[in-house]
Amino acid sequence: MALSDYKEYLGLLIFGNIENLVLSSQGAVGGVDPVILGALTFTAVIGWFALGTFGTKVAIKYSRVIEFLGGLAIFILGLQSILSVLPALIQQFF
């Protein structure tokens with residue numbers, strides 16, 4: 001098996017891990033208990049790994065849709081993070 005065999009799954013791998021990072025950072029900013037946050041993040045990573053391992057044959061038909069939804073989720077969560085901090089930043093500078 002060559003690395004090129006996994007090329008089509010690269011987007012799913014990258015977006016899956018980025019989503020976990022975004023959700024973890026939002027939890028940390030939101031003041032969630034670090035132990036619970038760590039456990040939930042670990043569960044999400046294991047779930048993503050299981051989905052990728054066992055669900056690939058079923059989901060490969062929908063890989064473009066899944067990749068789009070992952071990107072959309074990252075965009076929405078990032079926008080939500082920015083908008084939640086914006087009032088504090090405006091107040092700090094004005």
Side-chain angles (χ1 to χ4, degrees):
M1 243 184 228
L3 187 58
S4 61
D5 293 340
Y6 297 99
K7 186 177 180 181
E8 61 186 317
Y9 305 114
L10 190 60
L12 293 173
L13 178 65
I14 291 170
F15 282 124
N17 289 321
I18 290 173
E19 287 170 14
N20 291 334
L21 290 172
V22 169
L23 291 173
S24 296
S25 65
Q26 282 192 319
V29 169
V32 177
D33 180 12
V35 175
I36 294 173
L37 182 61
L40 290 173
T41 301
F42 185 71
T43 303
V45 169
I46 295 299
W48 187 258
F49 178 74
L51 177 67
T53 302
F54 303 113
T56 300
K57 290 182 182 172
V58 175
I60 195 64
K61 296 182 276 189
Y62 309 105
S63 66
R64 292 190 185 273
V65 174
I66 293 169
E67 191 171 343
F68 172 77
L69 291 176
L72 182 62
I74 291 168
F75 177 77
I76 291 171
L77 290 171
L79 191 61
Q80 180 185 9
S81 296
I82 292 170
L83 292 176
S84 67
V85 174
L86 200 56
L89 284 175
I90 292 172
Q91 184 179 14
Q92 181 180 4
F93 289 111
F94 296 108

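For clarity, every value in this text was computed on a predicted model and none was experimentally measured.
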Check whether Val35 and Leu40 end up in the same hydrophobic cluster, where Ile, Leu, Val, Met, Phe, Trp and Tyr are linked by side-chain heavy atoms less than 4.5 Å apart. no
Path from Ile46 to Phe54 over hydrophobic side-chain contacts below 4.5 Å: no
To the nearest 0.5 Å, what is the distance between CG (Leu69) and CD1 (Ile74)? 11.0 Å
Looking at residues at least two apart in the chain, or sitting in another chain, which of them share a side chain to side chain contact (heavy atoms under 4.5 Å, CB included) with Ile82? none
Considering residues at least two apart in sequence or located in another chain, which fulfil the side chain to side chain donor-acceptor pair (under 3.5 Å) criterion with Ser84? none
Measuring from Leu83:CG to Ile76:CD1, what's the distance to the nearest 0.5 Å? 11.5 Å
Between Ala39 and Thr43, which heavy-atom pair has the shortest distance, and what is it? O-OG1, 2.7 Å
